[in-house]
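Order of the sequence lines sets the chain letters (A, B, ...), proteins ahead of strands, with each chain counted from 1. Computed from heavy atoms alone, side chains included, the values below leave out hydrogens, waters and symmetry copies.
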Number of protein chains: 2
Amino acid sequence: MEPSPSPSILLRRAKLKVTPTRVALLRILASAKHPLSIAKIARALRQSADRVTLYRALDALAKAGIVRRIDLQHGHAHYELAQDDHHHLVCTSCGRTASIRLPHRLTVSPVTLRRTGFARVTRHALEFFGLCRSCAATAPRVSGRRN
Amino acid sequence: MEPSPSPSILLRRAKLKVTPTRVALLRILASAKHPLSIAKIARALRQSADRVTLYRALDALAKAGIVRRIDLQHGHAHYELAQDDHHHLVCTSCGRTASIRLPHRLTVSPVTLRRTGFARVTRHALEFFGLCRSCAATAPRVSGRRN
DNA sequence: ATATAAACGCAATATTGTTGCATTTACCTT
DNA sequence: AAGGTAAATGCAACAATATTGCGTTTATAT
């Protein structure tokens, strides 16, 4: 796990202004072990920033490739720093997540690309869903929203 | 491409009641070439069903494994019949989608499973994002919501 | 120091999805 | 075929998530 560059360096590289909100935001994401929901990020920022600013900042950071927006199928987006190439394993019962790596890189072959009329693939999203051990032990719930 | 069983057979198999709404819904999905948003499905049903019913029906069908809920990162869910094992290639500019197949099956190794504290994996979601040829030719747009 | 574009905060609004409850309906049993 | 029952539906209200416009503030290049 490489230490990722400091928030301000990341921001400057992307030609984004280095503002307190963005720095704090990136610090929060950097110290998180799992993808965070907007609600959790907002809580961590303790209303030092408006919701709208948060959305806009995450949007800008995602476009710059600094953060990744992830769908854990909880009904709202989650965000993490775009560091290494990993994927997520999500418990559909309690929402727990774990990071995993695949032994091979996921690619779309040039032939498939041509057949489908696409010019190029820029990224992909892969999540695995299942049950963690403790949830598998108890009666599996199915519903509800989790962070 | 195998012809999929009729809506009523699918529903009966899953011990779900065969109602006009569900049959119509499944027919719409069966004739769709791409995953559909709730909005599009609702439009196709021409308010013969309440929106709530639609949500509940899709939920039941997804739980039964008859339909799949897909995130194309347009900010809302898309649905398709759960037929064969394919994935999607999505144009981030115009929203076009194409179906693709991977040469290998995606799995999580038992070792990884144990290391992460998970009991089992039940499904996964994989989408590729990129640019289709016509969008790659023109100036790439970035924003906006598409169906 | 200052000009300028980017970022921000606030308010309003849109969109997506959910819940409770009374009514209707599919379908199983007889 | 009739009737009982749980499932499914519709309506209304609500909740959560996300977006837009606009006037003000701020980072940063000069």
Before accepting this row, confirm whether a basic side-chain N of the pair B:Arg105/B:Asp85 lies closer than 4.0 Å to the acidic partner's carboxylate O.
yes
Rounded distance (Å) that lies between atom P of D:dT17 and atom NE2 of A:His74:
12 Å
Does any N or O in the side chain of B:Thr116 come within less than 3.5 Å of the main-chain N or O of B:Thr112, such that one atom is a donor and the other an acceptor?
yes
Return the value, rounded to whole Å, for the distance between atom CD of B:Gln47 and atom P of D:dC11.
11 Å
Could you check whether B:Val18 gets within reach of a base, just the sugar-phosphate, or nothing at all, counting any heavy atom under 4.0 Å?
sugar-phosphate
Take the angle between the ring planes of A:His88 and A:His86 and call it parallel below 30°, perpendicular above 60°, tilted in between.
perpendicular
Among C:dC27, D:dG21, C:dT19, find the nucleotide with the atom closest to the side chain of A:Arg56.
D:dG21
Just how far, in rounded Å, is P of D:dA18 from NE2 of A:His78?
10 Å
Ignoring backbone atoms, establish whether A:Thr53 has a side-chain N or O less than 4.0 Å from OP1 or OP2 of C:dA7.
no
Over 60° means perpendicular and under 30° means parallel, so tell me whether A:His76 and A:His78 are parallel, tilted or perpendicular.
parallel
Any side-chain N or O of A:Arg22 under 4.0 Å from OP1/OP2 of C:dA7?
yes
Starting at the 5' end of DNA chain C, which residue's closest nucleotide do you reach first, A:Ser48 or B:Asp59?
A:Ser48
Would you say a side-chain N or O of A:Tyr55 is under 4.0 Å from OP1 or OP2 of D:dA18?
yes
Judged by atom type as modelled, is there a donor-acceptor pair below 3.5 Å linking the side chain of A:Thr122 to the main-chain atoms of B:Phe129?
yes
Using atom CG of A:Leu11 as one end and atom C1' of C:dA7 as the other, report the distance to the nearest whole Å.
12 Å
Using a distance-only criterion (donor-acceptor N/O pair, under 3.5 Å, no hydrogens), is the base of D:dG10 paired with the side chain of B:Arg51?
no
Comparing B:Thr19 with B:Ala77, nearest DNA chain C nucleotide closer to 5' gives the residue B:Ala77
Just to be sure I understand the rule, does B:Ala57 reach a base, reach only the sugar-phosphate, or reach nothing, if contact means heavy atoms closer than 4.0 Å?
nothing
In whole Å, I'd like the distance from the NZ atom of A:Lys17 to the C1' atom of D:dT24.
13 Å
Rounded to whole Å, CG of B:Asp50 lies from P of D:dT9 at a distance of 10 Å
Could you state the atom-to-atom distance from NE2 of B:His76 to C1' of C:dA14 in whole Å?
14 Å
Using atom OH of B:Tyr79 as one end and atom P of C:dT16 as the other, report the distance to the nearest whole Å.
12 Å
